[in-house]
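One structure below.
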Amino acid sequence: MSKTVAVIKGDGIGPEIMDATLRVLEALECGLEYEEIEAGLGALEKHGTLIPQASLDAIAKHGVALKGPLTTPVGKGFSSINVQLRRHFDLYANVRPAISFPGTRSRYEDIDLITVRENTEGAYLAEGQSLSEDGETALATIKVTRSGSERIVRYAFELARSKGRKKVTAVHKANIIKSSSGLFLEVAREVAKDYPEIEFQEMIVDNACMQLVMNPHQFDVVVTTNLFGDILSDLCAGLVGGLGLAPGANIGKEAAIFEAVHGSAPDIAGQKLANPCALLLAAADMLDHLGMIDKGTKIRTAIRAVLERDRARVTPDMGGSGTTDTFADALVEYCQAG
C-alpha cells in the first residue's frame, strides 16, 4: 500500500529544490505518492491566507509533509508560518542533524551530531508579549512545563537509543534562570535515569557554545529548550558548512513535517543555482521516519558520492559549476546505478 506525502513546494527557490528532491525520490522507487498543497506567498495572493484550511487538512490526513522554504511577509499581522504549523499540529520536537560532507567550506571534518529542540514552549511562546504605551518597556513570558520538558528529553533519549548514540547533553541556563530553565534541567535529570546505558551530560548554554566551537566531536545528541535550540542548531550548521546542508524535522504524535531549514532566497530564484541538499537530507529523514531507512541512507550516500566524484555538476556554493538540475541529474544517476 503506497503512502501519500503532502508536498509544499514553497517560495523563492522552493519549487526548484523540491522538483530536484522529488526526482531523486522517484529514482529510489520509494512507492510514494504526493499531494501538492498551498502555503506561503502564493497562497496569500490566491486565498488571502498564508496557510489555507485545505492545506492543514491535507497534512492532518496524510500525517507527513515535505516542505520547501516559505516566506513570511514582513509587517504586523503576519506570524511565522513555521511557528503556526508547529503549534497547529503540536510538533513538539525539532530535530536538526549536523553531518560533515566532503568538499564543504567548514573548519571541521567528521561532525555527526543532532540537536533536539523543544518546539512549542519557551521564549517563543506568543502569549504574554507586551510593550508599554510609552514604548520604553517590553515584556515577554517564558513558559516551560514539566510535561513539555519530559516529552522532549525523552524523545532525545529514545532517538539516541534508536540510532545507537552514546551520549545526550542537556543544555540549559538554570544557574541564572532558575525557574523555567531550572525546571527543564530537573526533568532532564529525572528522565536520564531511565536510560542508564546512555551517558548523560548537562551544560550551561554559553559554555556549550564555546565547547561546540572548540571541540564539537565531544557532542552526540544535544537536547534543549526552544530559544537555545534555535541558536545552537544554526551554530551546528555552521560547523558543517552552513544552512545549505541543514535539514529539519518537526515531529508530533499525529504529524511530522520535514523541511529545508534555510530561507527562500528570492535573489537567486529561477536561476537554478540553489543547492538542493538541505531538502534532500530532510527527505532522507522523512524516509527514515516512514521506515524506509535503507532508502534514506541511499540519499545521504548519493550526496556524499557526488560531492566526492562529480563536483563539476554540483552547485557553485559547494564549489562546483553546475546547476540545481545537474546536481539532481548526478544524484539520480547514482541512485539508479544501485
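Note: hydrogens, waters and symmetry copies are ignored here, and every other heavy atom, side chains too, is used.
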Taking the side chain as every heavy atom from C-beta outward, state whether [X] and [Y] have any pair of such atoms under 4.5 Å apart.
{"X": "Arg161", "Y": "Tyr195", "value": "yes"}
{"X": "Ser106", "Y": "Leu239", "value": "no"}
{"X": "Ser264", "Y": "Leu70", "value": "no"}
{"X": "Arg165", "Y": "Glu199", "value": "no"}
{"X": "Ile17", "Y": "Lys9", "value": "no"}
{"X": "Asp329", "Y": "Arg313", "value": "yes"}
{"X": "Leu212", "Y": "Cys236", "value": "yes"}
{"X": "Ile8", "Y": "Leu66", "value": "no"}

Between [Y] and [X], do the side chains contain a donor N or O and an acceptor N or O under 3.5 Å apart?
{"X": "Tyr334", "Y": "Asp310", "answer": "no"}
{"X": "Glu121", "Y": "Thr145", "answer": "yes"}
{"X": "Arg96", "Y": "Ser233", "answer": "yes"}
{"X": "Asn119", "Y": "Asn226", "answer": "no"}
{"X": "Gln53", "Y": "Asp57", "answer": "yes"}
{"X": "Asp134", "Y": "Ser132", "answer": "yes"}
{"X": "Lys67", "Y": "Asn82", "answer": "yes"}

Evaluation steps, side-chain contact (heavy atoms from CB on, under 4.5 Å), between Lys193 and Phe200: CA-CA 9 Å; Lys193 295 176 183 177; Phe200 174 65; over 6 Å; no

Return the [atom1] to [atom2] distance between [X] and [Y], rounded to the nearest 0.5 Å.
{"X": "Leu232", "Y": "Met203", "atom1": "CG", "atom2": "CE", "answer": "10.5 Å"}
{"X": "Arg154", "Y": "Leu159", "atom1": "CZ", "atom2": "CG", "answer": "14.0 Å"}
{"X": "Ser100", "Y": "Asp110", "atom1": "OG", "atom2": "CG", "answer": "6.0 Å"}
{"X": "Met292", "Y": "His289", "atom1": "CE", "atom2": "NE2", "answer": "10.5 Å"}
{"X": "Leu245", "Y": "Ile99", "atom1": "CG", "atom2": "CD1", "answer": "9.5 Å"}
{"X": "Lys143", "Y": "Thr120", "atom1": "NZ", "atom2": "OG1", "answer": "9.5 Å"}

Can you give me the closest heavy-atom contact between [X] and [Y], atom names plus distance?
{"X": "Thr315", "Y": "Ala274", "result": "CG2-O, 3.5 Å"}
{"X": "Gly40", "Y": "Ile81", "result": "CA-CD1, 3.8 Å"}
{"X": "Leu183", "Y": "Val144", "result": "CD2-O, 3.5 Å"}
{"X": "Gly14", "Y": "Pro69", "result": "CA-CD, 3.8 Å"}
{"X": "Asp285", "Y": "Pro97", "result": "OD2-CG, 3.7 Å"}
{"X": "Leu50", "Y": "Leu41", "result": "CD2-N, 4.4 Å"}

[X] and [Y]: same hydrophobic cluster, using ILVMFWY side-chain contacts below 4.5 Å?
{"X": "Val83", "Y": "Phe258", "answer": "no"}
{"X": "Leu91", "Y": "Ile59", "answer": "yes"}
{"X": "Leu279", "Y": "Phe327", "answer": "yes"}
{"X": "Phe228", "Y": "Leu185", "answer": "no"}
{"X": "Leu227", "Y": "Ile177", "answer": "no"}

Between the side chain of [X] and the main-chain N/O of [Y], is any donor-acceptor distance below 3.5 Å?
{"X": "Arg105", "Y": "Asp317", "result": "yes"}
{"X": "Asp220", "Y": "Val168", "result": "no"}
{"X": "His217", "Y": "Asp112", "result": "no"}
{"X": "Thr301", "Y": "Thr297", "result": "yes"}
{"X": "Arg311", "Y": "Leu307", "result": "yes"}
{"X": "Gln218", "Y": "Met214", "result": "no"}
{"X": "Glu16", "Y": "Gly270", "result": "yes"}

side-chain hydrogen bond (donor to acceptor under 3.5 Å, both in side chains) contacts touching residues 176-187 (sequence neighbours left out): Arg146-Glu186

Where at least one partner belongs to residues 37-48, residue pairs that pass side-chain hydrogen bond (donor to acceptor under 3.5 Å, both in side chains), sequence neighbours excluded: Glu38-Lys46, Glu38-His47

Does [X] pair with [Y] as a salt bridge, N-O distance under 4.0 Å?
{"X": "Asp325", "Y": "Lys272", "answer": "yes"}
{"X": "Glu33", "Y": "Lys3", "answer": "no"}
{"X": "Lys295", "Y": "Asp288", "answer": "no"}
{"X": "Glu118", "Y": "Arg86", "answer": "no"}
{"X": "Asp90", "Y": "Arg151", "answer": "yes"}

Crowding at CD, Glu35 (>12 non-hydrogen neighbours, <6.0 Å): yes

Residue Glu197 excluded, over 12 heavy atoms near CD under 6.0 Å: yes

Test applied, side chain to side chain contact (heavy atoms under 4.5 Å, CB included); reference residue, Met318; option that passes from Val306, Ile303, Asn275: Asn275

Side chain to side chain contact (heavy atoms under 4.5 Å, CB included) partner of Leu32, chosen from Leu22, Thr4, Val5: Val5

Evaluation steps, side-chain contact (heavy atoms from CB on, under 4.5 Å), between Thr224 and His172: CA-CA 7 Å; Thr224 189; His172 65 93; over 6 Å; no

Phe219 and Lys167: CA distance, side-chain angles, deciding distance, side-chain contact (heavy atoms from CB on, under 4.5 Å) verdict: CA-CA 7 Å; Phe219 294 92; Lys167 181 166 72 171; 5.8 Å; no

Sequence neighbours excluded - salt bridge (Lys or Arg N to Asp or Glu O under 4.0 Å) pairs with any residue from residues 238-249: none

Ile114 and Val222: CA distance, side-chain angles, deciding distance, side-chain contact (heavy atoms from CB on, under 4.5 Å) verdict: CA-CA 6 Å; Ile114 303 172; Val222 174; over 6 Å; no

Parallel, tilted or perpendicular: ring planes of Tyr155 versus Tyr92, cut at 30 and 60 degrees: perpendicular

